[in-house]
Structure formats: structure tokens, C-alpha cells
Amino acid sequence: QVEVVESGGGLVQPGGSLTLSCVASGFSFTTSSGAMSWWRQAPGKERELVAHITGGAVGITNYADSVKDRFTISRDTTVNTVYLQMNNLKPEDTAVYYCTTPQFGIWGQGTQVTVSS
């Protein structure tokens, strides 16, 4: 059974950093179906793609323009976990962040990130 579970959200001041984790089970990142994505949804806004890492031996990453050079998606295949390192956080980064496996269409429950002084 495919499942993903996020953790690591919280309250952080502008300019601060936070790392989100997503533990996946039921599949492997190193296969062609092992791609992972982070999305977010702010109040009153549509859900948007934040970062993506492809499956296979070498995970290729890409990012939304709004987070490029501030966020980093990475993975640890030994523990089947994907991370989203978020630096220089801004109030507009406030949202519920979701981890998803595109090939299986499975979403996590989401984790709240609030950037505020």
C-alpha cells in the first residue's frame, strides 16, 4: 500500500529556515515511478507545485520560480524520505504543504507552515 506522511511544519520568523520531511512507503524512489513532489496551498488560493524530484537512480529537481534559490528538494533513498529545505522564508510562503507521489496519485495529510513575526 502506497502512503506518504509529512512532518516538520511550524511557525518561523521571516528570514528563517525550516525543513519538511515526507516518509514514503509502498514504492521505491529509485524506480521510474519514484518521482515525488511538494505542493502548497495558501488560504483562498489554488494549490501550487513548489518542487519536484524525478524517480530513478538520479533524481532531477525543478522548482517554482517563487521558491527557486531558496528551497531545496532532496531525498534519502535509504530511508525512503524526501525533504524540502526552506531558507529565507517569507510571509507569502505561509501555506499547508503537501507531499505527493505523482505516479500513484497519493497525497499526504499536509503540514502547516506559518511565516510571521
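In this text the structure is predicted, and so the values were computed from the model without any measurement.
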Listed by chain and number, what are the side-chain hydrogen bond (donor to acceptor under 3.5 Å, both in side chains) partners of [X], not counting sequence neighbours?
X: Thr54; result: none
X: Ser7; result: none
X: Thr77; result: none

Which heavy atom of [X] sits nearest to which heavy atom of [Y], and what is that distance?
X: Ile73; Y: Thr61; value: CG2-CG2, 3.6 Å
X: Met36; Y: Cys99; value: CE-SG, 3.3 Å
X: Ala35; Y: Pro102; value: O-CD, 3.3 Å

Under the side-chain contact (heavy atoms from CB on, under 4.5 Å) test, residues paired with Ser117 that sit two or more places apart: Pro14
Co-membership, hydrophobic cluster, residues Val96 and Leu49, 4.5 Å side-chain: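 Linked, Val96 and Leu49 end up in one cluster.
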Pair listing, side-chain hydrogen bond (donor to acceptor under 3.5 Å, both in side chains) test, anchored in residues 94-103, at least two apart: Arg40-Tyr97
Members besides Val79 in its Ile/Leu/Val/Met/Phe/Trp/Tyr cluster (side-chain heavy atoms under 4.5 Å): Tyr83
Under 4.5 Å side-chain linkage, directly or through intermediates, the cluster mates of Val5: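 Under the 4.5 Å side-chain rule, Val5 groups with nothing.
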Side-chain touch Val113/Val115, heavy atoms, less than 4.5 angstrom: yes
Val12 side chain reached by Ser17 side chain, heavy atoms, under 4.5 Å: no
Donor on one side chain, acceptor on other, Thr114 and Ser116, under 3.5 Å: no
Indicate every side-chain donor-acceptor pair of residues 19-29 with a distance under 3.5 Å to a residue at least two apart or in another chain.
from: Thr19; atom 1: OG1; to: Gln85; atom 2: OE1; distance (Å): 2.4
from: Ser28; atom 1: OG; to: Thr30; atom 2: N; distance (Å): 3.2
from: Ser28; atom 1: OG; to: Thr30; atom 2: OG1; distance (Å): 2.8

Ile53 side, atom CD1; Ile60 side, atom CD1 - distance, nearest 0.5 Å: 9.5 Å
Pairs where residues 32-59 contributes a residue and the test ring pair (Phe, Tyr, Trp, His ring centres under 6.0 Å) is met, not counting sequence neighbours: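 Every pair satisfying ring pair (Phe, Tyr, Trp, His ring centres under 6.0 Å) with a residue in residues 32-59: Trp39-Trp107.
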Contact list for residues 16-26, test salt bridge (Lys or Arg N to Asp or Glu O under 4.0 Å), sequence neighbours left out: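 Every candidate salt bridge (Lys or Arg N to Asp or Glu O under 4.0 Å) pair involving residues 16-26 fails, so no pair, neighbours aside, qualifies.
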Inter- and intrachain pairs under salt bridge (Lys or Arg N to Asp or Glu O under 4.0 Å), touching residues 68-81, at least two apart: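 Output for this query lists Asp65-Lys68, Arg70-Asp93.
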